[in-house]
Student: 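Starting off with a structure, shown below.
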Amino acid sequence: MKMSDKVYEFLKWILITVVPAAITLIGVINTVAPIPGYESIVTIIGAIATFIGSCVGISTANYRKGDK
C-alpha cells in the first residue's frame, strides 16, 4: 500500500499533532468536569491512532522498498 504524499502528510500531522492534543484536552476537561465514559473515549482515540500509525508505517516501508 502506497499513499500519496498529501495523504501521508495529513495522517502524519493527525498522529503527531491532533491525537496528543485531543487526548490531553479530554484528560484536562475530565479533571474539571468528569466525562461519562472518559476511559472509553481515550481508548478509542488511541486505537484509531494506532491503526493510522500502522498504515503510515506500512506505506513508509513500501515507499522505501521502491527506492532500492
Student: Where do Ala49 and Val19 come nearest, in terms of heavy atoms and distance?
Tutor: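 Nearest pair, atom of Ala49 first, then Val19: CB-CG1, 3.8 Å.
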Student: Working to the nearest 0.5 Å, report the span between CD of Glu39 and CG of Asn30.
Tutor: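 With rounding to 0.5 Å, CD (Glu39) is 7.0 Å from CG (Asn30).
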Student: Report the distance from atom OG1 of Thr43 to atom CD1 of Ile48, rounding to the nearest 0.5 Å.
Tutor: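 Answer for the OG1-CD1 pair, Thr43 versus Ile48, is 11.0 Å.
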Student: Which pair of non-hydrogen atoms, one from Ile23 and one from Val42, has the smallest distance, and what is that distance?
Tutor: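 Minimum heavy-atom contact is CG2-CG1, 4.2 Å.
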Student: I'd like to know if Val28 and Ile45 are part of one continuous hydrophobic network [Ile/Leu/Val/Met/Phe/Trp/Tyr, side-chain heavy atoms within less than 4.5 Å].
Tutor: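 No.
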Student: Checking Thr50 side chain against Gly46 main chain: does a donor-acceptor pair fall under 3.5 Å?
Tutor: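 Here the side-chain-to-backbone pair exists.
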Student: Decide whether Val32 and Ile41 are clustered together by the hydrophobic rule: side chain heavy atoms of Ile, Leu, Val, Met, Phe, Trp, Tyr closer than 4.5 Å, transitively.
Tutor: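 Looking at the clustering, Ile41 is in a separate group from Val32.
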Student: Under a single-linkage definition using a 4.5 Å side-chain heavy-atom cutoff for Ile, Leu, Val, Met, Phe, Trp and Tyr, are Leu25 and Ile44 assigned to the same hydrophobic cluster?
Tutor: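 Per the 4.5 Å side-chain linkage, Leu25 and Ile44 are co-clustered.
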Student: One pair to check against side chain to side chain contact (heavy atoms under 4.5 Å, CB included): Ile29 and Tyr38. What are the steps and the verdict?
Tutor: CA-CA 10 Å; Ile29 290 172; Tyr38 159 78; over 6 Å; no
